[in-house]
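Reminder, nothing fancy here: chain letters follow the sequence lines and each chain counts from 1.
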Amino acid sequence: MTERKILVTAALPYANGPIHIGHLVEYIQTDIWVRFQKLRGNRCIYICADDTHGTAIMIRARQEGRSEAALIAEMQAKHESAFANFEIEFDHYGSTNSEENRTLCAEFWSAIRAAGLVKEKEIEQLFDPQEGIFLADRFVRGTCPNPKCSAPDQAGDNCTVCGWTYSPADLIKPVSTLSGASPEVRKATHLFIELEKLHEFLDTWIQSGEHLQPEVANYLQGHFLHKPLRDWDISRPAPYFGFEIPDSPGNYWYVWFDAPIGYMASTQQWCDRHQEDFDSWWRNQETEIHHFIGKDITYFHTLFWPGMLKSAGFNLPTKVHIHGFLTVGGEKMSKSKGTFIMADTYARHLNASYLRYYFASKLGSRLDDLDLNLDEFVAKVNSDLIGKVINLASRSAKFVKQVGLSNTYPNDQGLFEHAAKIGDEIANAYEHCDYSRAMRLIMELADRANPFVESAAPWNLRKNPEKAQELQDVCTIALNLFRQLAIYLAPVLPDLAKKTGELLSSPIQDWDESKQPLTGTPVRKFKHMLQRVEPKDIDKMMEESSEQTAPTSSDDVQDSSDWLDAEPLAEQCTIDDFVKVDLRVARVLTAEDVPDANKLLKLTLGLGGNEQRTVFAGIKSAYKPADLVGKKVVMVANLAPRKMKFGISEGMILAAGPGGQEVFMLGVDDGASPGQRIH
RNA sequence: GGGCCGGUAGCUCAGUUGGUUAGAGCAGGGGACUCAUAAUCCCUUUGUCGGGGGUUCGAGUCCCUCCCGGCCUACCA
């Protein structure tokens, strides 16, 4: 086989938050692929970096009273240690905030300029006079401009109540979520890349060959490429944490411009350290470039990024591998349910190998979401890894500790040869990121090996000294079959491969070692290679995950400031203002689904006696109608009725939370009765 | 509303270009073994392959239609 030259990247984690198990799907998936390529003898490097620029980092650094540099340095150290805990081994882990990146950005920029793709446009944007910065859509909230809706407290780009989309400048009574000040409209000149000029190229690139999974190519075609591509707003005015654009003082490259270039800057750093030629990686048709990303950033990696690379004359991605999100127990990860598991939390309680194997057994080449089902997790790891695979070594190694492996490989009725042949199929599955198929094939081999040991019964052979040779032969076969599996699993379980190498005095270094039996080597004393998963450890991990957000004792409560940051306190009001709002205890009398509505439930609320209100509440995704009936809730009883698509709503229910499944209604303690006013 | 993916045994899934009585693992039941991390081995139960129509000598596999679930979108990057 000729050696391939492969550069692999995983998406750059943003320096604003810690790594959680959702992130790990990608880094583990990528790590497996890279380890596989290396094991096959290919030249392969795994490049990543922290993504450090943008408004969010700037604002957080301000709030924490320190420099951006200090913040991102701390985050990067945390990220790298989290990855190390999961045996994710990068060849280089850099940062987008590096001189190498600045230089490369400038190189891209002049190429894109030279290609005539840049144009200036004046746009109107909201500006926070108190903080002195322009506000991205998500930092503005206000009343929905749809006259039929007028829902308060909506985000800057769309209304969650009526679904209107608009520009933040259209909001009525907009408020900056940073300072609470009312923003003013200011004009600013932004730089845009005219992506439409690359339309034909992108069309061809996306449709031709194997650059993308077919469903992704299809999606891009249907969503973007059937019409002219919009200009891409690539600059942000100062102040902005990032790189200033050399020929446009006061303007900075938008974080999504410099982030993917970070792949290359990180490669550059690696090259400098290893005396490698950068151009042989990024300007070399022989080199393959593989990006692994989540489906949320498809757009940037499949349209802008190839466009940028094309314009600047670099290698285009050979393939962009896109994966889905992680769910836990079939649902989106949720802090309140304890299923939002941080990488560090997992690592404190469970072994990384479990998760690597579990993910591998579930990952296919498509972008479906992947579910972490904890019962399945325990069953898979314990029965597949411990029960089937490791058991092979565990039950045979001790019999040959004195004598080692036989000098010639005995007749095993074709077991080894069969497994060697299947190896090609397994390799093919790895190559195509179809890890679940690879794991299935490997377990089928394990299922053939154990019956062999069973029928050969080494534990009987050892009782008869005359059968010493037969005993050694049987164990030589069992251990070789085991070693084959360890080689096939090596990309997923590097630790198992290492321990297998130690046990048999022969390190696993190449995939093709699975084709040739190992003979005549000493066998070390067998030590457990992996403990079984204990369900109680999972319970502890879940507990710890819940505790982080829902502490039970008030002594050491440390609530996050995220919510206040996202939505600062409103302007002061007087008691007179407050009494205008008539809050009442109400009982849910009926609750029914509104079939055509995405978010609404229709409730009848009783205020005692015959006083009732019909209220449409946006809690459909968080509550079932049946669970609501009889419940006491808090409502705004004197709210002006509003006509909605499905009827008139005569009030609103008080609830907190960001929306979606995370909506939490206010309850009242026992003793309060419907109709009572809340003072 | 549009797009994509999926609906096969209690659970997780495999079923290659349509071809014989539809499979595996796990779970369940029975037995064996006791070398092994209560691991292993043998035997064993279970399916209107989402519903309905069609093409065909023959359909889980192709076509149409409907139902259900997930994801993405809703003139927005």
Given the rule that a pair is Watson-Crick or G-U wobble with both distances under 3.5 Å, how would you write RNA chain B in dot-bracket, using | for pairs to a different strand?
(((((((..((((.....[...)))).(((((.......))))).....(((((..]....))))))))))))....

Does NZ or CZ of Lys295(A) fall inside the cone over Phe325(A)'s six-membered ring, less than 6.0 Å from its centre and within 45° of the axis?
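Yes, Lys295(A) lies over the aromatic ring of Phe325(A).
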
Which value, in whole Å, describes the distance between the [atom1] atoms of nucleotides [N] and [M]?
N	M	atom1	result
rG29(B)	rU20(B)	C1'	31 Å
rG47(B)	rG10(B)	P	8 Å
rG53(B)	rG15(B)	P	28 Å
rG54(B)	rC68(B)	P	23 Å
rU16(B)	rG23(B)	P	14 Å
rG7(B)	rA27(B)	P	25 Å
rU37(B)	rU44(B)	P	30 Å
rU8(B)	rA22(B)	C1'	9 Å

Nearest whole angstrom, please: distance from the [atom2] of [N] to the [atom1] of [X].
X	N	atom1	atom2	answer
Asp434(A)	rU16(B)	CG	P	14 Å
Asp384(A)	rA24(B)	CG	C1'	12 Å
Ile322(A)	rC72(B)	CD1	P	14 Å
Met439(A)	rC26(B)	CE	P	17 Å
Glu376(A)	rG10(B)	CD	P	17 Å
Phe452(A)	rC41(B)	CZ	P	14 Å
Glu444(A)	rG25(B)	CD	C1'	9 Å
Met443(A)	rU12(B)	CE	P	19 Å

Which nucleotide wins on minimum distance to the side chain of Arg440(A), given the candidates rG25(B), rU12(B), rA14(B)?
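Comparing rG25(B), rU12(B), rA14(B) against the side chain of Arg440(A), the answer is rA14(B).
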
Pairs flagged by salt bridge (charged side-chain N to carboxylate O under 4.0 Å, His left out) wherever residues 428-454 of chain A is involved - sequence neighbours left out
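Every pair satisfying salt bridge (charged side-chain N to carboxylate O under 4.0 Å, His left out) with a residue in residues 428-454 of chain A: Arg4(A)-Glu431(A), Lys388(A)-Asp447(A), Arg395(A)-Glu454(A), Glu425(A)-Arg437(A).
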
Do the ring planes of His301(A) and Tyr263(A) sit parallel (below 30°), tilted (30 to 60°) or perpendicular (above 60°)?
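Ring orientation, 0 to 90° scale: tilted.
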
Look at the aromatic rings of His53(A) and Phe243(A) and report parallel, tilted or perpendicular, splitting at 30° and 60°.
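Ring orientation of His53(A) relative to Phe243(A): perpendicular.
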
When every nucleotide of nucleotides 31-40 of chain B is labelled 5' to 3' by its protein contacts under 4.0 Å (heavy atoms), B for base, S for sugar-phosphate only, - for none, what sequence of letters results?
--SSBBB-SB

Between protein and nucleotides 3-8 of chain B, map the contacts as a letter string: B base, S sugar-phosphate only, - none, heavy atoms under 4.0 Å, written 5' to 3'.
-SSS--

[X]: salt bridge (Lys or Arg N to Asp or Glu O under 4.0 Å) partners, not counting sequence neighbours:
X	value
Asp296(A)	none
Asp231(A)	Lys119(A), Lys121(A)
Lys398(A)	none
Glu376(A)	Lys362(A), Lys380(A)

Is Tyr254(A) touching bases, backbone alone, or none of the nucleic acid, heavy atoms closer than 4.0 Å?
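Here Tyr254(A) touches no strand at all.
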
NA contact type, Trp256(A), heavy-atom cut-off 4.0 Å: base, sugar-phosphate, or nothing?
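Nothing: the residue Trp256(A), judged by heavy atoms under 4.0 Å, touches no strand.
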
Just checking, is any N or O donor in the side chain of Thr476(A) or Ser406(A) under 3.5 Å from an acceptor N or O on the other one?
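The criterion, which ignores hydrogens and geometry beyond distance, is satisfied for Ser406(A) and Thr476(A).
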
If you find the nucleotide of RNA chain B closest to Tyr299(A) and the one closest to Asp369(A), which residue's nucleotide is nearer the 5' end?
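Between the two, 5'-proximity favours Asp369(A).
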
Which residue lies more 5' along RNA chain B, comparing Asp231(A) with Thr327(A) via nearest heavy atoms
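First, find each residue's nearest nucleotide; the 5'-ward one identifies Thr327(A).
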
Among Tyr430(A), Tyr357(A), Phe359(A), the one residue meeting side chain to side chain contact (heavy atoms under 4.5 Å, CB included) with Tyr435(A):
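Exactly one pass, corresponding to Tyr430(A).
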
Measure centre to centre between the rings of His323(A) and Phe292(A), then say whether the value is under 6.0 Å.
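Ring centroids of His323(A) and Phe292(A) are no less than 6.0 Å from each other.
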
For Phe377(A), check side chain to side chain contact (heavy atoms under 4.5 Å, CB included) against everything at least two apart and list the hits.
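Side chain to side chain contact (heavy atoms under 4.5 Å, CB included) check on Phe377(A) returns Tyr346(A), Leu350(A), Tyr354(A), Leu355(A), Tyr358(A), Leu372(A), Val533(A), Ile538(A).
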
Members of residues 476-485 of chain A that approach RNA chain B, where some heavy atom sits under 4.0 Å away:
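Correct list: empty, so none.
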
Around Lys498(A), counting heavy atoms of other residues, nucleotides and ligands shown, do more than 12 lie under 6.0 Å from its NZ?
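No, the 6.0 Å shell around NZ holds no more than 12 heavy atoms from other groups.
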
Qualifying side chain to side chain donor-acceptor pair (under 3.5 Å) pairs with a residue from residues 218-227 of chain A, counting only residues at least two apart or across chains:
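Every side chain to side chain donor-acceptor pair (under 3.5 Å) pair that includes a residue of residues 218-227 of chain A, provided the two are not neighbours, is Gln207(A)-Gln221(A).
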
Side-chain donor-acceptor contacts of residues 458-468 of chain A below 3.5 Å, not counting sequence neighbours, with atom names and distances?
unit_1    : atom_1 : unit_2    : atom_2 : d
Asn460(A) : OD1    : Lys463(A) : NZ     : 3.3
Asn464(A) : OD1    : Glu466(A) : N      : 3.0

